[in-house]
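Structure, as structure tokens:
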Amino acid sequence: MNRQIELLKRQDRKTITEIYNEYRTGFLLYAKRYKLEEDRILDIYQDSIIALCENAQKGKIDNLSASLKTYLFAIGKYMIFSELRKDTKKTDFEELENILITTEDSSETNDEEVEQLKLAFNHLGEKCKEILKLFYYQERNLDEITELMSYDNKNVAKSQKSRCLRQLKQIIENNYG
Amino acid sequence: MDKETLIELYFENALNSEQERQFQELLKNDSSFSEEFSFHIKLKTAVSQESRKELKHYLQHIEENRKGKKRNIFYYAAAAVITVLILLGSFIFSNFSQNNDDLFASYFEPYPNIVEPIVRNSNTPSLKSEAFLAYEQGNFTQSALLFKNLASSSQEDYASFYEGISLMAAEQFKEAKKVFLTTSFSNEFEEKKNWYLSLVYFKLGDTDNTHILLNEIIGSKSFNYEKAKKLRNQLPKPK
């Protein structure tokens with residue numbers, strides 16, 4: 001596997017920064033033809049990087065045949081198109097299905113429970129945040145988490161996760177119960 | 001199989017067909033189970049949105065730094081022109097200042113970040129991580145300010161230490177001197193501070209204090225005492 005993809009999987013900040021800086025100017029030039037404001041393009045570029053990281057984490061580009069740049073720009077193009085087509089609601093998903101697997105909307109929800117969970121999550125200690133992030137966001141299984149967080153064995157990771165979930169529920173109970 | 005493990009396996013995408021059947025069964029007929037499951041789904045959404053938001057902030061931060069740098073380049077260019085003019089002026093009187101600058105440049109190196117490794121995942125961008133990020137990216141005017149805030153809010157001595165070094169890198173030597181002299185440092189940073197303070201004295205043309213401090217460093221064999229020896233030999237003797 002490409003070394004950069006390997007590092008992206010671990011959310012390595014140095015690699016993310018490198019990639020961001022390496023392709024930024026090219027992306028701006030490329031996106032200029034779509035007549036969007038620069039701030040909007042940069043916003044899209046940032047979202048493209050996030051999608052790239054997420055797809056890497058989920059193992060969806062382990063066997064990427066194209067270059068990382070091509071892949072990143074394809075995501076960006078997709079996002080620019082959906083931005084441009086926001087009004088017409090006509091998106092050619094078929095063509096882009098293989099490129100952009102992460103289609104979850106990153107915008108805020110109005111679900112009150114989700115909002116409570118977010119607040120509670122931010123009240124957790126770093127260790128707990130980390131383990132929940134690995135499990136729910138990066139979709140790592142307990143074996144991988146055991147290794148990544150250097151737990152002695154899977155049972156320790158499992159009980160640590162349970163403890164964090166109990167804490168989370170307790171915080172919600174105390175604040176909203 | 002207990003319900004918690006079933007839900008866990010669901011998220012690991014690892015239910016076998018028997019477990020899958022049991023899972024669907026419970027979802028249909030056990031309201032506490034479906035409630036629990038829905039909690040986990042919502043938690044996944046919440047954690048994902050928060051993680052994404054954090055990453056987005058990080059990227060926006062890189063962007064701000066880039067824009068800051070561009071501005072800095074302009075300032076540096078302006079500063080460089082002014083420096084050249086001053087140097088040319090002072091050259092007429094003596095070439096000491098030129099030598100001084102070279103000498104300083106050959107000894108001054110910002111102390112590496114040993115407090116907050118940037119590559120680590122920090123869950124929420126804190127003042128601390130922002131300060132070190134700016135520091136590592138060479139935005140010293142910004143990092144000086146951030147460390148100053150950090151020092152006053154946390155009372156941590158490393159914050160003042162890095163504030164001082166940021167100020168030096170931003171060529172604000174008088175301010176750096178003030179920070180170094182008014183903070184009480186723990187052992188870890190005290191001896192390192194002395195080395196940097198000696199460079200500040202040197203840069204400010206305070207020959208007496210430079211010698212006193214360098215002698216102290218050499219005498220106690222503390223941080224960078226070998227360099228201190230070399231520097232002392234290159235300096236004009238105190239009057």
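Within every chain, numbering begins at 1; the chains are lettered A, B, ... in the order of the sequence lines, protein sequences first and strands thereafter.
With values rounded to the nearest 0.5 angstrom, A:K133 atom NZ is found 10.5 Å from B:S48 atom OG. The distance from atom CG of A:L117 to atom OG1 of B:T45, rounded to the nearest 0.5 Å, is 9.0 Å. Between B:Q49 atom CD and A:Y137 atom OH the span is 11.0 Å, to the nearest 0.5 Å.
When all heavy atoms of A:N122 and B:E50 are compared, the closest pair comes out as ND2-OE1, 2.8 Å. In terms of heavy-atom proximity, A:V114 sits nearest to B:A46 at O-CB, 3.8 Å.
Chain B is approached within less than 4.5 Å, heavy atom to heavy atom, by A:N141, A:L142, A:K158 from residues 141-159 of chain A, ordered by number. Using non-hydrogen atoms only and a strict 4.5 Å limit, the part of residues 162-175 of chain A facing chain B consists of A:S162, A:L165, A:L168, A:K169.
Salt bridge absent: A:D47 and B:R52 never bring a charged side-chain N and a carboxylate O closer than 4.0 Å. A salt bridge links B:K44 to A:E139: at least one charged side-chain nitrogen sits closer than 4.0 Å to a carboxylate oxygen. Under a 4.0 Å N-O distance rule, the pair A:K161/B:E4 does not qualify as a salt bridge.
By the neighbour-count criterion of 12 heavy atoms within 6.0 Å, atom NZ of B:K42 is densely surrounded, having more than that number from other residues, nucleotides or ligands. The number of heavy-atom neighbours closer than 6.0 Å to CD of B:E109, taken from other residues, nucleotides and ligands shown, is 12 or below. Around CG of B:D2, the count of heavy atoms belonging to other residues, nucleotides or ligands within 6.0 Å exceeds 12. No more than 12 heavy atoms of other residues, nucleotides or ligands sit less than 6.0 Å from atom OH of B:Y10. Counting heavy atoms of neighbouring residues, nucleotides and ligands inside a 6.0 Å radius, atom NE2 of B:H61 exceeds 12 of them.
Ring orientation note: the planes of A:Y136 and B:F11 are nearly perpendicular, at an angle over 60° on the 30°/60° scale.
Contact of A:I50 with chain B is made through backbone and side chain together, with heavy-atom distances under 4.5 Å.
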Requested in this report: Might you work through the side chain to side chain contact (heavy atoms under 4.5 Å, CB included) test for B:H57 and A:Q46, ending with a clear yes or no?
Outcome: CA-CA 10 Å; B:H57 281 162; A:Q46 286 159 4; over 6 Å; no

**Report entry** Chi angles and distances behind the side chain to side chain contact (heavy atoms under 4.5 Å, CB included) call for B:L59, A:T17
**Finding:** CA-CA 8 Å; B:L59 296 173; A:T17 310; over 6 Å; no

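Side-chain contact between B:R66 and A:R24 is present, with heavy atoms from C-beta onward closer than 4.5 Å. Side-chain contact check for A:K118 versus B:L43: every heavy-atom pair is 4.5 Å or farther apart.
In this structure, A:R13 satisfies the cation-pi test against B:Y58, with its NZ or CZ atom closer than 6.0 Å to the six-membered ring centre and inside 45 degrees of the ring normal.
Across A:L132, A:L42, A:I49, the residue that shares the most heavy-atom pairs under 4.5 angstrom with chain B is A:L42.
With hydrogens and angles left out, the side-chain atoms of B:E63 and A:Y45 include no donor and acceptor closer than 3.5 Å.
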